Structures are given as C-alpha cells and as structure tokens.
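Below is one structure, written out as structure tokens; the observations come after it.
Fair warning: this is a prediction, and the values are worked out from it, not measured in the lab. Within every chain, numbering begins at 1; the chains are lettered A, B, ... in the order of the sequence lines, protein sequences first and strands thereafter.
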Protein chains: 2
Amino acid sequence: MIARREVILEALGQAHELEALQDSIVRLRDHFRVDHLVYHWVSSNGEQYGCGTYPDAWVQRYLDKDYLRVDPVIIGCFQRFHPVDWKRLDWSSKAARGFQADAIAHGIGNQGFSVPIRGPIGQFALFTASHHCSDEDWARFTASNRRDLILIAHEFNQKALELEPGRSQEQSRALSPREIDAMTLVAMGYSRAQIADTLSISEHTLRVYIESARSKLGALNTTHAVAKALSRGLIVV
Amino acid sequence: MIARREVILEALGQAHELEALQDSIVRLRDHFRVDHLVYHWVSSNGEQYGCGTYPDAWVQRYLDKDYLRVDPVIIGCFQRFHPVDWKRLDWSSKAARGFQADAIAHGIGNQGFSVPIRGPIGQFALFTASHHCSDEDWARFTASNRRDLILIAHEFNQKALELEPGRSQEQSRALSPREIDAMTLVAMGYSRAQIADTLSISEHTLRVYIESARSKLGALNTTHAVAKALSRGLIVV
DNA sequence: ATTACCCTCCCCTAAAATAGCGAGGGGGTG
DNA sequence: CACCCCCTCGCTATTTTAGGGGAGGGTAAT
C-alpha cells in the first residue's frame, strides 16, 4: 500500500505537464479511496488555479458564484497555520450554510481535510481531501493519513509551481544594499533626518536612494515603494 | 529506525513545556545523526525565538551581530517556497562570506538543509538540519530524510505555537472598515486626493482615517503605519 | 442613557516628498 | 579602456503630506 503511494509520488515527480498532475491526483484519490482530492491555488490578487477531481459543474459554479469569498475552507485555512478538518471550521454564517448546501448538492461530501500551503509573498494554496462518510470513519482516515496528506500537499505544490513558473517568479530587480538600508529604516517609521543620521550620509543622498528604490520598484511614491518592498520580501521590518 | 522516529514524534506530541521541545530536538538530532537540528522562529517585527542544538556561544553571537539580516539561510528561505539545501543559497556577498566563516568557526558545519514554514500573516519559521560532511554524504542524507524533515518541521512548528501562544496571537486592535479602505489605497501608492475621490470623502476626512489608523497601530508616521498594517495582515495589496 | 466608537467635515503650520538641474570618485564587466 | 552602476554630495523649487486642533451626528453596546 505504502509502496503504491510512493510509486504515485514518483510519477508526480517525473510529471512534465499539467495533465500529468491531473493524472496523478486522480490516482492518488483512488489510492486513498476518498471521493475527491483537490489542489487549489489562490493568488493574492484573487486569481485562482485548481486541479483535482471535483466535478466540472461544481468548479464552474464555484467560479461563477465567486464562492472564494464565502468558502469557509478558504477563509478558515487562510488564517490558520496547520491542516484542519472541515468540522472545525466556522460554518455558521448564512453565506457559509448556503455554500455548504450547494457543495453537498454537487456531490462534494460532508467530510473534508485541508492542508494550507504558503509562499514568500502571500501566495496561498490548499490541498484538500473530501469524502462522504461518518464522523468516526473520517476521524480514522485523517488520523492515519494526515502526514501523508501534508507531504503530498508539499510535493504537489512544488510540482505545480515548477510547471507553471509564471506564478512563482514575478521577480523584481533587487535593491542595492544602501537602498535596502534606506528603505528598511523608512519602513520603520524614522524621518529622513534620522535615517540620514543613522546611515551617516547627507539627507540628500538618502533621498537619492529612496528615489532609486522607488524607481526600481515601479512605485508611485515612497509609501508605495515600502509596501512593494515588504510584499516582495526585499526588506524585513 | 522509523519506529524510533515515531516514538520521538509521539513524545513531541505530548510535550507540555518548552523544555520538552528542547529535549525532543536533541533526541531527534541523535536519531538523524547530524551535528545540529534547529527550529528558528522569526516574527515580522524582528523578534526571534530559537530552539535547537546550536552552541550557546553561536546563538549569542548571532543575536549580538544581528546576523538575522545577513544570514543567507534566512534571506534565501524567506523568498522561497520549498525546503532548500544550503549549497543552493547565495553565499556570494561579502557579509554572507563573513557570516559563513564565523558560523563554521562556531562549529556549525558546512552542510545544511532548511525547511521554511509560514503562517497566515507573514509569520516565518525555519527548521534546519546542519552537519559537517562531504557533499555526497549530505546529498544522500537529504534525499532519504527530506520528507521526514518536512513532517517534523510541521509538527515542531505546531507544537512551538501551542506552547507559546503569544506569538501566534499578537493581536492588534483591528482597523475600522473605512480605515482599512484608506490604508489599503495609501499602500497602493495613490495620493490622498485620489483616495479621497475614490472613497467619495473629503481629503480631510481621509486624513482622519489615516491618522486614527496610525494611532491604533502605534506607528510613527503614515509609511510606518502601512508597513505595520501589511506585516500584520490587516491590509492586502 | 451614558459611553464608546465610527464617519464626516473644517482649520492651521511645519515637515516631507517630489522634481529638476548638476558633480565627482570607486568598482566591477565587457 | 569605456561603460554602467553604486555611492556620495550640492542647489532650488513646488507640491503634498503630516500631525495637531475642534465639532457634529450616527450607531451599538453596556
């Protein structure tokens, strides 16, 4: 059994196309004997990418209804560190109940277990196993497969990023050391006079750094440059 | 062998104090037969928490020298998704070379493998295995233990968060909806006139929002407030 | 009903940001 | 060697923002 999972992961490792990912996820679903296995990427600007065994009708409905903003799985996992059973999420809101009913009507199953995955600049993805069974059976399943699901989530995310590198790149010209110093102190709230003093340079020179950083980052003003530098992980405050 | 790892993880699961974490990490190090195993938490405000087998002298030096800003492991993993071997990091800068020499002088070992872990609002932690051996031996080690290290990193992070919940909470007074609107647009680089226009309020009113947000965040100025709001995940750009 | 917070508007002055012009030395790379 | 980028500094000018007041009306909870 374990050997078979390894074989599938091996195939995943050798996948060179997105179709192969889809193939792997179907086989993993069959291996785990669950109704659905889904990988769901959510970009910070709201873009989505999905891959899994959900019926097309449900995927389309999810997109049409903009369920991303309602889905308690997304909302819950977005503010959580660790894998979570769907039962522990907050399904109390009216929108959530409607969503839940719609999901079950599309055959999604009453049980679920989702692993959140995060990237450097707010990237967010979910790997979810979903099934239709009793609470007891699901508890047994998650207890024995929790670690495997975490690992597969990682492998899957890595592969998905390799195959669609556009999402992970978005690289920007790096800032020079002095620019990083300057922007870091700016982000820390110090005035230009204080920063110039701290860096032992003239205030005018400081302005040159800030301006060149702003220009490199394609920012509209200093505050925007700080926001971009922070988002891109170029500075840490 | 595997059974023993399970036993240690089991003990980790039952740990109720930070000392038990320290104990677990030592035992895991012995199990993996590496020089060092380290869990390193970095808060968005620069606070650090460490736990592992590095010598005290090195930990102290790391803090004293503010190596956090130089350490290529931190910098590299901060902008990466996946576990990484230290050899694939950028050690070319002068500061990095000095850091590397200092680390080796403190017995840190020439090989390393670090697993980045991330939380909802920019929380960042590293789980690192470090050793002194040849490239070939290290490649063999990482190939066969990569998945275990990822899992342990997760378990460890979860446990560390449970035991010191203060770090995961760090709650700040939430911003009002209007303040979030204002700060989001400020972070996006628009001028106050544009923002006031967008929000259909007077520019003076807009200033009040920015000022109250700044006050709530305990920020020194608007840029600082944007940086804090971003770091705390109060706004998303 | 008192308190507290949110939203909206207006005034002020001083500081900062932006923009343009210029200059020179140092360090790598083609 | 030239070229480009990094670092450093100078000047002037205009526009924008910052941060401090005060003030009224709304809502929601205590």
Side-chain angles (χ1 to χ4, degrees), chain A residues 93 171-230 234-235 237, chain B residues 69-70 75 90-98 171-230 232 234-235 237:
Chain A
S93 82
Q171 73 228 8
S172 47
R173 261 161 81 204
L175 300 180
S176 79
R178 225 41 180 160
E179 286 162 357
I180 292 176
D181 292 341
M183 295 307 288
T184 301
L185 290 165
V186 168
M188 282 164 44
Y190 297 116
S191 74
R192 292 199 306 206
Q194 286 176 300
I195 298 172
D197 195 49
T198 303
L199 297 179
S200 303
I201 56 176
S202 78
E203 191 182 327
H204 182 266
T205 302
L206 172 65
R207 291 186 201 181
V208 177
Y209 294 142
I210 296 172
E211 170 56 21
S212 67
R214 191 188 62 75
S215 158
K216 282 182 183 175
L217 294 168
L220 296 168
N221 53 42
T222 301
T223 301
H224 193 199
V226 166
K228 284 200 167 198
L230 275 174
L234 301 175
I235 62 174
V237 181
Chain B
R69 311 241 173 226
V70 177
I75 295 170
D90 176 20
W91 297 89
S92 60
S93 83
K94 195 176 161 190
R97 295 207 159 278
Q171 72 243 4
S172 45
R173 260 163 80 209
L175 301 179
S176 78
R178 222 50 176 156
E179 286 162 357
I180 292 176
D181 293 342
M183 295 307 288
T184 301
L185 290 165
V186 168
M188 282 165 47
Y190 298 115
S191 75
R192 292 201 305 208
Q194 286 176 300
I195 298 172
D197 195 50
T198 303
L199 298 179
S200 302
I201 56 177
S202 79
E203 192 184 327
H204 311 285
T205 304
L206 172 64
R207 288 187 207 177
V208 177
Y209 294 142
I210 297 172
E211 168 57 21
S212 67
R214 188 190 63 77
S215 161
K216 282 183 183 175
L217 294 168
L220 296 169
N221 53 42
T222 302
T223 301
H224 194 198
V226 166
K228 285 200 167 198
L230 276 174
R232 296 182 191 179
L234 302 175
I235 62 175
V237 181

note = Closest non-hydrogen contact found for B:Ala229 with B:Leu217 is CB-CD1, 4.0 Å
ask   = When all nucleic acid strands are considered with a 4.0 Å heavy-atom cut-off, which category describes B:Leu220: base, sugar-phosphate, or nothing?
value = sugar-phosphate
ask   = In whole angstroms, how far is the P atom of C:dC9 from the CG atom of B:Asp197?
value = 12 Å
request  = In whole angstrom, give the distance that lies between atom CD1 of B:Ile210 and atom C1' of C:dC7.
outcome  = 15 Å
query = Rounded to whole angstroms, how far apart are CD on B:Glu203 and C1' on C:dC12?
reply = 14 Å
task = Among the candidates C:dT8, D:dG19, C:dA16, find the nucleotide nearest to the side-chain atoms of B:Glu211.
result = D:dG19
query = Do any side-chain nitrogens or oxygens of A:Lys216 fall under 4.0 Å of OP1 or OP2 in D:dC6?
reply = yes
A:Thr222 side chain near C:dA17 phosphate (N/O to OP1/OP2, under 4.0 Å) = no
task = Pick out which of A:Leu220, A:Thr222, A:Val226 makes a side-chain contact (heavy atoms from CB on, under 4.5 Å) with A:His224.
result = A:Leu220
ask   = Starting at CG of A:Leu206 and ending at P of C:dA17, how long is that distance when rounded to a whole Å?
value = 8 Å
ask   = Atom CZ of B:Arg207 to atom C1' of C:dA14: distance rounded to whole Å?
value = 13 Å
ask   = Under 4.0 Å between a side-chain N/O of B:Tyr209 and OP1 or OP2 of C:dC6, yes or no?
value = no
Gap between atoms CE and C1', on B:Met183 and D:dA18 respectively (whole Å) = 13 Å
request  = For B:Ser212, answer base if it contacts any base atom (sugar-phosphate contacts may also be present), sugar-phosphate if it contacts only those atoms, and nothing otherwise; contact means non-hydrogen atoms under 4.0 Å.
outcome  = nothing
query = Do any side-chain nitrogens or oxygens of A:Thr205 fall under 4.0 Å of OP1 or OP2 in D:dC9?
reply = yes
ask   = Within the pair B:Ser176 and C:dC7, is there a side-chain N or O less than 4.0 Å away from OP1 or OP2?
value = yes
task = Please tell me which of the listed nucleotides, C:dC7, D:dT17, C:dC9, lies nearest to the side chain of B:Arg192?
result = D:dT17
ask   = Are side-chain N/O atoms of A:Ser215 and A:Ser212 paired as donor and acceptor at under 3.5 Å?
value = no
task = May I have the distance from B:Glu179 (atom CD) to C:dC7 (atom C1'), rounded to whole angstrom?
result = 10 Å
ask   = Does A:Ser202 put a side-chain nitrogen or oxygen below 4.0 Å from OP1 or OP2 of D:dC9?
value = yes
task = To the nearest Å, give me how far apart CZ (B:Arg214) and P (D:dA18) are.
result = 10 Å
key: Option from B:Ile180, B:Asp181, B:Val186 for which side-chain contact (heavy atoms from CB on, under 4.5 Å) with B:Thr184 holds   = B:Ile180
remark   = Minimal heavy-atom distance between A:Arg214 and A:Ala225, with the atoms involved, is CA-CB, 4.0 Å
query = B:Arg178 side chain: which of D:dA18, C:dC7, C:dT18 is closest?
reply = C:dC7
inquiry  = Between the base of D:dC11 and the side chain of A:His204, is one N or O donor paired with an acceptor at under 3.5 angstrom?
reply    = yes
